Amino acid sequence: MTPYLHNLKTLFEQQASPEQAGPMKQYMRNQFEFLGIKGPMQKALVKQFIAEHGLPDLAQLDSIVRELWSWPEREYHYMALTFLDRHQKQLTPEDVPLLEYLITTKSWWDTVDSLASHNVGKLLSQYPSSRKAVIDAWRESDNIWLRRTTLLFQLGYKAQTNETLLFSLVDQNKGSKEFFIQKAIGWALREYSKTAPESVRGFVSTASLAPLSQRESLKWLKAKGQLL
């Protein structure tokens with residue numbers, strides 16, 4: 001362990017709360033261990049740590065993120081994502097293997113959705129020439145989290161959304177029985193409906209989506225009174 005990460009571990013362990021760790025673990029369906037550091041306290045610790053020790057050098061980012069990911073407590077995984085976010089503008093397509101590793105390892109919605117909509121989405125927006133190769137590979141994967149990422153990476157694109165690609169990905173995944181795929185379809189279409197309501201209405205009317213996906217897709221339009 002590097003001195004940098006030793007300092008981080010020491011700081012976090014000082015704020016650990018076993019009383020809070022149990023309920024946090026249960027909320028995540030016992031997928032991960034927790035130190036018991038809730039969001040507001042973790043944000044304060046992040047601010048304190050970076051003020052005292054700075055961000056990791058870009059050259060060390062990959063190794064530091066991977067080591068944090070190897071630790072059992074979920075708070076360290078969130079810290080790894082914080083370091084990624086702080087270096088987002090410096091990430092390049094060479095970092096796609098790291099992002100894929102994080103998506104497919106210790107996977108759950110809390111980290112995957114952040115990686116999909118923030119890191120992958122922003123990277124492929126900054127490097128559009130890399131988009132097809134990445135998405136074409138991930139959309140054919142048997143890993144549900146990679147396929148969820150292909151559905152969600154355009155969440156923040158708004159008018160820049162590749163509608164043809166989005167609808168194609170939905171068509172490819174709509175038959176999945178996986179809850180997290182059906183929810184992702186609904187989320188992606190609901191978000192895009194705020195930009196292109198007519199397109200989403202038309203697509204959903206003919207796409208034969210699963211009930212969960214269809215219901216989630218139309219929530220915003222229904223709330224705005226824009227359903228026929």
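For the single chain, residues carry numbers from 1 onward in sequence order. Just so it is clear, the structure is predicted and the values come from calculations on it, not from any experiment. Side-chain atoms are counted along with the backbone in the values below, which use heavy atoms only and exclude waters and symmetry mates.
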Would you mind writing out the side-chain donor-acceptor pairs for residues 99-108 within the sub-3.5 Å range, not counting sequence neighbours?
{"residue": "Glu100", "atom": "OE1", "partner": "Trp138", "partner atom": "NE1", "Å": "2.9"}
{"residue": "Thr104", "atom": "OG1", "partner": "Glu100", "partner atom": "O", "Å": "2.8"}
{"residue": "Thr104", "atom": "OG1", "partner": "Tyr101", "partner atom": "O", "Å": "3.4"}
{"residue": "Thr105", "atom": "OG1", "partner": "Tyr101", "partner atom": "O", "Å": "2.8"}
{"residue": "Lys106", "atom": "NZ", "partner": "Trp69", "partner atom": "O", "Å": "2.7"}
{"residue": "Lys106", "atom": "NZ", "partner": "Ser70", "partner atom": "O", "Å": "3.2"}
{"residue": "Lys106", "atom": "NZ", "partner": "Trp71", "partner atom": "O", "Å": "3.3"}
{"residue": "Ser107", "atom": "OG", "partner": "Ile103", "partner atom": "O", "Å": "2.6"}
{"residue": "Ser107", "atom": "OG", "partner": "Thr104", "partner atom": "O", "Å": "3.4"}
{"residue": "Ser107", "atom": "OG", "partner": "Thr105", "partner atom": "N", "Å": "3.4"}

Pairs of donor and acceptor atoms involving the side chains of residues 87-97, under 3.5 Å and at least two apart or interchain, shall be tabulated with distances.
{"residue": "His87", "atom": "NE2", "partner": "Pro56", "partner atom": "O", "Å": "2.7"}
{"residue": "Gln88", "atom": "OE1", "partner": "Asn119", "partner atom": "ND2", "Å": "2.8"}
{"residue": "Gln88", "atom": "NE2", "partner": "Asn119", "partner atom": "O", "Å": "3.2"}
{"residue": "Thr92", "atom": "OG1", "partner": "Glu94", "partner atom": "N", "Å": "3.2"}
{"residue": "Asp95", "atom": "OD2", "partner": "Thr92", "partner atom": "N", "Å": "2.9"}

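Considering only heavy atoms from C-beta on, Lys224 stays 4.5 Å or farther from Lys194 through its side chain. Between Ser217 and Leu209, some side-chain heavy-atom pair lies under the 4.5 Å cut-off. In this structure, the side chains of Lys9 and Tyr76 come closer than 4.5 Å at one or more pairs of heavy atoms. In this structure, Phe12 and Glu73 have side chains that are not in contact, with every pair of non-hydrogen atoms separated by 4.5 Å or more.
Looking at Asn162 and Tyr157, their side chains never bring a donor and an acceptor atom within 3.5 Å of each other. Between Gln160 and Ser125, the side chains place no donor N or O within less than 3.5 Å of an acceptor N or O (distance only, hydrogens not considered). A donor-acceptor contact under 3.5 angstrom links the side chains of Tyr192 and Glu163, judged on distance only. In the model, Ser168 has a side-chain atom that pairs as donor or acceptor with a side-chain atom of Arg139 under 3.5 Å.
Arg66 meets the salt bridge (charged side-chain N to carboxylate O under 4.0 Å, His left out) test with Asp62; sequence neighbours excluded.
Atom CE of Met1 is separated from atom CG of Leu8 by 9.0 Å, given to the nearest 0.5 angstrom. Interatomic distance, Thr82 OG1 to Leu68 CG, rounded to the nearest 0.5 Å: 10.0 Å. To the nearest 0.5 angstrom, Leu151 atom CG is 11.5 Å from Leu146 atom CG.
Under the 4.0 Å criterion applied to side-chain N and carboxylate O atoms, Asp142 and Arg147 are not assigned as salt-bridge partners.
Between the side chain of Arg190 and the backbone N or O of Lys219 there is no donor-acceptor pair closer than 3.5 Å. With hydrogens and angles disregarded, a donor-acceptor distance shorter than 3.5 Å links the side chain of Glu75 to the backbone of Gly36.
Both Met24 and Val112 are part of a single hydrophobic cluster, where members link through side-chain heavy atoms under 4.5 Å apart. Cluster annotation: Trp187 and Leu169 are assigned to distinct hydrophobic clusters (Ile/Leu/Val/Met/Phe/Trp/Tyr, side-chain heavy-atom contacts under 4.5 Å, transitive).
Exactly one residue among Leu124, Leu115, Leu123, Leu166 makes a side chain to side chain contact (heavy atoms under 4.5 Å, CB included) with Phe153. That residue is Leu124.
The shortest non-hydrogen separation linking Thr195 to Lys158 is OG1-CA, 3.5 Å. Smallest separation of non-hydrogen atoms from Ala184 and Leu152: O-CD2, 3.7 Å.
Between Tyr27 and Trp109, the ring planes lie perpendicular to each other; the angle is over 60°, past the 30° to 60° tilted range. Using cut-offs of 30° and 60° on the angle between ring planes, the pair Phe49 and Phe83 is tilted.
Both the sub-6.0 Å distance and the 45° axial angle are satisfied by Arg74 relative to the ring of Phe32.
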